[in-house]
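Okay, structure first, notes after.
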Amino acid sequence: MAAIERAADQEENVQGSGAISTIVIIIAMQTEALPLVNTFQLTEDPDSPFPKGVPWVRYHGTYKGLEINIIWPGKDSLLGVDSVGTISASLVTYSSIQALRPDLIINAGTAGGFKAKGASIADVYLASEVAFHDRRIPIPVFDQYGVGARKTFSTPNLVREINLKIGKLSTGDSLDMSPHDEASIMANEAVIKDMEGAAVAYVASLFSVPTIFLKAVTDIIDGDKPTAEEFLENLAAVTAALDQAVSQVVDFFPGRSLSEL
Ligand code: ADE
């Protein structure tokens with residue numbers, strides 16, 4: 001498709017009238033990404049659209065007429081672990097928007113959940129709002145900038161169709177929770193806590209790309225088990241629930257425009 005036509009299509013999609021065609025799914029961990037790569041029968045792009053030398057990986061293919069791209073920030077080049085957290089998430093979101101011009105972004109992954117607010121292991125949440133809990137700047141207005149609260153793209157028809165829990169998501173760069181973080185998470189009225197969501201939302205908002213957040217609960221933050229242990233214990237099993245939820249959401253897209261979600 002010619003660049004001008006493509007740009008016109010995208011403009012139309014942001015207005016909500018054109019059918020959804022290109023989707024970017026940002027996923028921080030390989031364990032979370034690979035089941036979906038299989039489900040959508042994607043292949044790794046040998047000629048990555050990303051700058052030379054970065055560990056970011058693009059899996060792509062056509063599924064039910066949709067151009068699906070799963071973007072995984074890859075392994076840290078020094079330490080060999082998944083590049084989790086807000087810095088990598090922001091960079092891959094920016095670069096994916098530039099290279100792939102998606103109609104819609106899905107940030108899919110795992111999260112901790114608060115049982116006092118109704119979360120259980122393997123629940124999948126669609127985030128209604130996102131905010132940061134570790135960017136404290138106690139100066140008027142900078143305080144709100146730090147929290148960076150944003151409503152997510154509204155999908156009333158999708159919510160009616162698919163059985164997902166809905167709740168607010170709070171993002172920070174730590175798996176554990178300091179007392180300061182806890183106070184901010186409570187102020188954010190969050191039900192779930194992750195390490196990427198609000199960062200993806202910030203970058204996507206710079207370019208007005210509609211974004212939805214699907215987060216599966218691997219650990220109960222207000223439970224008895226140590227978070228890291230519970231997270232690792234449940235990661236593989238909970239990823240199956242995430243896989244199913246993302247598939248159901250993507251299956252809702254073909255033939256629909258953004259305004260019909
Ligand atoms: N991802 C999974 N569990 C998490 C937690 N408790 N905090 C942040 N990110 C998570």
Side-chain angles (χ1 to χ4, degrees), residues 25-36 71-76 81-90 92-93 106-136 146-149 152 164-165 167-202 211-246:
I25 306 176
I26 308 270
I27 306 188
M29 297 188 76
Q30 192 172 34
T31 308
E32 299 160 345
L34 290 184
L36 282 165
I71 309 298
W72 166 52
K75 302 270 187 196
D76 180 85
V81 295
D82 289 299
S83 305
V84 299
T86 61
I87 296 176
S88 292
S90 301
V92 296
T93 302
I106 299 174
N107 174 218
T110 53
F114 290 92
K115 70 169 191 271
K117 297 195 169 182
S120 306
I121 299 292
D123 282 347
V124 182
Y125 277 84
L126 180 72
S128 52
E129 281 182 38
V130 298
F132 291 99
H133 56 253
D134 59 358
R135 305 198 322 171
R136 293 174 292 275
V147 172
T152 59
L164 295 166
K165 289 191 166 181
K168 294 185 185 177
L169 167 66
S170 195
T171 298
D173 268 306
S174 299
L175 184 71
D176 68 2
M177 184 174 69
S178 71
H180 270 127
D181 288 351
E182 185 173 6
S184 304
I185 291 168
M186 292 307 132
N188 290 342
E189 301 174 333
V191 185
I192 48 172
K193 163 181 177 285
D194 82 339
M195 297 175 66
E196 289 86 20
V200 173
Y202 170 74
T211 304
I212 63 180
F213 300 83
L214 292 167
K215 300 282 164 170
V217 175
T218 45
D219 50 275
I220 297 300
I221 302 160
D222 51 348
D224 311 325
K225 295 191 181 165
T227 296
E229 217 173 274
E230 194 176 22
F231 167 71
L232 292 172
E233 200 176 287
N234 291 327
L235 179 60
V238 167
T239 291
L242 180 67
D243 180 34
Q244 197 194 359
V246 174

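Whatever order the structure lists them in is the order used to number ligands and atoms, beginning at 1.
A salt bridge does not link K115 with D219: every distance from a Lys NZ or Arg NE/NH1/NH2 to an Asp or Glu carboxylate oxygen is 4.0 Å or more.
Closest to atom 3 (N) of ligand 1, if we only count protein heavy atoms, is D219 OD1, 2.6 Å.
Here F114 pairs with K117, M177, I185, M186, I221, D222 under the side-chain contact (heavy atoms from CB on, under 4.5 Å) rule; sequence neighbours left out.
In the vicinity of G112, heavy-atom distances shorter than 4.0 Å reach the ligand 1 atoms 2 (C), 3 (N), 4 (C), 5 (C), 6 (N), 10 (C). Taking every non-hydrogen atom of T218 and a distance limit under 4.0 Å, the qualifying atoms of ligand 1 come out as 2 (C), 3 (N).
Closest heavy-atom approach to atom 10 (C) of ligand 1 among the candidates K215, M29, K193: K193. Counting only non-hydrogen atoms, the option in I220, T110, L235, T227 that gets closest to atom 1 (N) of ligand 1 is T110.
Residues S83 and D76 have side chains that never bring a donor and an acceptor to within less than 3.5 angstrom of each other.
For residues 27-36, the pairs satisfying side-chain hydrogen bond (donor to acceptor under 3.5 Å, both in side chains) are E32-T110, with sequence neighbours left out.
Considering CD of E230 and OG1 of T218, their distance stands at 7.5 Å, rounded to 0.5 Å.
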